[in-house]
K.L.:
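Quick one: the structure is below, and I'll ask about it shortly.
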There are 2 protein chains.
Amino acid sequence: MGKCESCIIREFNSLKSLTREELIRISACKTGKRYKKGEIIFEEGESLNGVYCIRDGVCKLTKLSENGKDQVVKLVVKGDLLGKRSLVADQKTNLSAIALNDMEMCFIPKSEIMNDLAKNPNFTMDVLKDMANELRTSEESLVTMAQKSVKRRMAEILMYSHDNFGLDEEGFLSIVLSREDYASIVGTATESAIRILSQLKKEGLISTHGKRIKIEDYTGLKWIE
Amino acid sequence: MGKCESCIIREFNSLKSLTREELIRISACKTGKRYKKGEIIFEEGESLNGVYCIRDGVCKLTKLSENGKDQVVKLVVKGDLLGKRSLVADQKTNLSAIALNDMEMCFIPKSEIMNDLAKNPNFTMDVLKDMANELRTSEESLVTMAQKSVKRRMAEILMYSHDNFGLDEEGFLSIVLSREDYASIVGTATESAIRILSQLKKEGLISTHGKRIKIEDYTGLKWIE
DNA sequence: CGTACTATTGAATCATTTCAATTCGGGTGG
DNA sequence: CCACCCGAATTGAAATGATTCAATAGTACG
C-alpha cells in the first residue's frame, strides 16, 4: 500500500488540504481494505470509526425505507470520502454501503481525522464545502424524485452513468447494474424499471445485451419528460 | 432591534459558538428585515451576500423542477440560519425562500460570517455539524419521496406540522398552508392533495375549516401506509 | 355585494404496481 | 464442448394510484 503523501487520489477530495506532515501521520495509521462486488462495506445504523477513501471501484449508498425496499441515495466512486457525515455529526451512519464492483479503499481511523479537523482550518473548510455540495445534490435528487416520471429518472441515471463511469470497449455502459439496482436508484418496482428499459429499447434510445446497456441516442434520452 | 450577544435565538443555531466579541461585531453590522406572508425572501439563482437568522415566522424553501412545478424542500423556522450553504460553498443559492407567515429576521453580511468562519474553529465545526444534519434529513426526505405513497407523505407533513408548529387555541394546526403548498410539499398535483385530505376527513383522521386543518387521530395518521 | 381566488368533486385518462407466467444468459458439472 | 440449472430478465393482464380537465361551490377581502 502506497503513501498518502504521494497518492494522487487525495487530489479529488478534501484530503488535498492536509499538510505533508498530516498526510504522513495518516499514512502511518491507515489500513487498506478490499471488497468484492456485492460485499457490504457497512450498514445503516453502524458506528463507523473512521472514513473510507476510495481508490478504485464504485459502491452504492442505500437507505432502507419503511416499506421494506432499499433506496439508493448516491453512487460513490474513486476519490470520494465515505463516512464523513457520520464522523462529523458523531452519529451512527444513516446509510448502508455496498460494493458494485471490486473495490479498493483506504481506511483512516476516526481519531486521526478528527484531530486534523480540529487543528487544520483549511481542511475543515474543505470538508464543509464538500458537504455543502452534497447537500445541494441531495436536494436536487429530492426534487427529481418528487416531480419527475420514472421514465425521466431512468433516462437521467443512464446519462449519469455514461458521463461518470464511461463505456467499455464494446460501447456498453461500463458500470453494470442489475435491474433491481436500477429500480432502487430510480425508486420504482423492478418490473417497472424493466418495462421502462424495454420501452427505451423499442424507441431506439438504448440497446441491451443481458444486463449490459448501450446508449444509442444520448440526445434522445435528454428530451424525455 | 436587540443585540446579538443578548439574543436567545442564537442558542438554537450555530451562532451559539461565537465569542462575545464576535457577537458584538455582528450585532453592529447586522440589519433587521421583515417579510409579510407570501413575500419572496430570495430566489433560486440569486447570490446571497449574507445569512438570515430567523427570529420569528416560518418560510418554505422551494426549488423549481423542470416540469415547471415548485417543490418544497424544507420548512425553516425560528432559530434557523438561512443561506449558510450558499455562503460556505460560495455559490448562488439553489433554493427560493418564501414567507409563509409574517417573518422577522436579522441579516448578517457575508464578510462578517466568513471572517468568523475562518477564525473560530468552534463555529466552523458547529456549522459543519449542522450541515451534516441537514444532509441526513435531506436524504431521508429523498427516500420518502421515492418510496412512500402520496397519502403517507401527506400524513407525515401533517404530523410534522403538529409536532413542530403546534396548535392554535381552537386545536387547528397553527401553521396554515394552502392546498397548493401541501401539494408542493408532498410532491403531487393540487387536486391530488385535496383528494387525499378529503379522504382523511372521511376516515375521521382530520377535520377542516376552510384551509385550516385539525388532526383528530394522530395515531391513525401514523399507521397509514 | 361583487370579484377573485381557493377549495372541492366527477369522470376520463394515464402511470405504476402487482402477481403470475415464461424466457434468457451465464456458469457448472459431466 | 455440451446439456442442464438457477437466478435474473421479460412480458401480459388486471388492479390500483395519481393526474388532468372541466365544472361547481366556498370564502376572503376590498
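Only this structure's heavy atoms are used, side chains among them; waters, hydrogens and symmetry mates stay out. Lettering of chains follows the sequences in order, A, B, ..., and the numbering in each one begins at 1.
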K.L.:
Would A/E134 and A/K84 pass as an ion pair if we require N to O under 4.0 Å?
P.N.:
yes
K.L.:
Just the rounded figure in Å: distance from P of C/dT16 to CZ of A/R152.
P.N.:
13 Å
K.L.:
How long is the line joining CG of B/L200 and C1' of C/dT9, in whole Å?
P.N.:
16 Å
K.L.:
Could you check whether B/R152 pairs with A/E66 (Lys NZ or Arg NE/NH1/NH2 to Asp/Glu carboxylate O, under 4.0 Å)?
P.N.:
yes
K.L.:
Toward the 5' end of DNA chain C, which comes first, A/R212 or A/A189, by nearest nucleotide?
P.N.:
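Mapping each residue to its closest nucleotide by heavy atoms, the 5'-most match is A/A189.
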K.L.:
Tell me whether B/D130 is salt-bridged to B/R85, with the criterion being a basic N under 4.0 Å from an acidic carboxylate O.
P.N.:
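Here B/D130 does not pair with B/R85 in a salt bridge, since their nearest N and O are not under 4.0 Å apart.
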K.L.:
With the side chain of B/I194 defined as its heavy atoms from C-beta on, choose the nearest nucleotide among D/dA18, C/dT9, D/dA9.
P.N.:
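Per side-chain heavy atoms of B/I194, the pick is C/dT9.
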K.L.:
Rounded off to whole Å, could you give me the CG-to-P distance for the B/L197 and C/dT6 pair?
P.N.:
16 Å
K.L.:
So, is B/R195 close to the C/dT8 phosphate, meaning a side-chain N or O under 4.0 Å from OP1 or OP2?
P.N.:
no
K.L.:
At under 4.0 Å, does any side-chain N or O of B/K69 touch on OP1 or OP2 of D/dT20?
P.N.:
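It does, given that an N or O in the side chain of B/K69 lies less than 4.0 Å from OP1 or OP2 of D/dT20.
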K.L.:
At under 4.0 Å between heavy atoms, what does B/K151 touch on the DNA or RNA strands: base, sugar-phosphate, or nothing?
P.N.:
nothing
K.L.:
I need the CE-C1' distance between B/M145 and C/dT16, as an integer number of Å.
P.N.:
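It is 18 Å, rounded to the nearest whole Å.
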K.L.:
If you draw a 6.0 Å radius around CD in A/E180, do more than 12 non-hydrogen atoms from other residues or ligands fall strictly inside?
P.N.:
no
K.L.:
Ignoring backbone atoms, test whether B/S198 places a side-chain nitrogen or oxygen under 4.0 Å from the OP1 or OP2 oxygen of C/dT8.
P.N.:
no
K.L.:
Could you tell me the separation between the CG atom of B/D181 and the P atom of C/dC5, rounded to a whole number of Å?
P.N.:
17 Å
K.L.:
Describe the nucleic acid contact of A/T190 in one word from base, sugar-phosphate, nothing, applying a heavy-atom distance below 4.0 Å.
P.N.:
nothing
K.L.:
Go through C/dA7, D/dA9, D/dC21 for me and flag the one nearest to the B/E191 side chain.
P.N.:
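Selected nucleotide (nearest to the side chain): D/dC21.
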K.L.:
Is B/K214 salt-bridged to B/D168, cutoff N-O under 4.0 Å?
P.N.:
no
K.L.:
Atom CZ of A/R179 and atom P of C/dG26: how far apart are they, to the nearest Å?
P.N.:
12 Å
K.L.:
What is the distance, to the nearest angstrom, from the CG atom on B/L177 to the C1' atom on C/dT6?
P.N.:
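Interatomic distance, CG of B/L177 to C1' of C/dT6: 14 Å.
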K.L.:
A/K211 has an atom NZ; how far is it from atom P of C/dG26, in whole Å?
P.N.:
10 Å
K.L.:
Counting only side-chain nitrogens and oxygens, does A/T208 get under 4.0 Å of the OP1 or OP2 atom of D/dA9?
P.N.:
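Looking at the OP1 and OP2 atoms of D/dA9, neither is under 4.0 Å from any side-chain N or O of A/T208.
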K.L.:
Go nucleotide by nucleotide along DNA chain C from the 5' end; which of A/H209 and A/V150 gets its closest nucleotide reached first?
P.N.:
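With A/H209 and A/V150 compared, the 5'-side residue is A/V150.
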K.L.:
For a quick test of reading the model: is some side-chain N or O of B/S192 closer than 4.0 Å to OP1 or OP2 of D/dT19?
P.N.:
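Answer yes for this pair, as a side-chain N or O of B/S192 is under 4.0 Å from OP1 or OP2.
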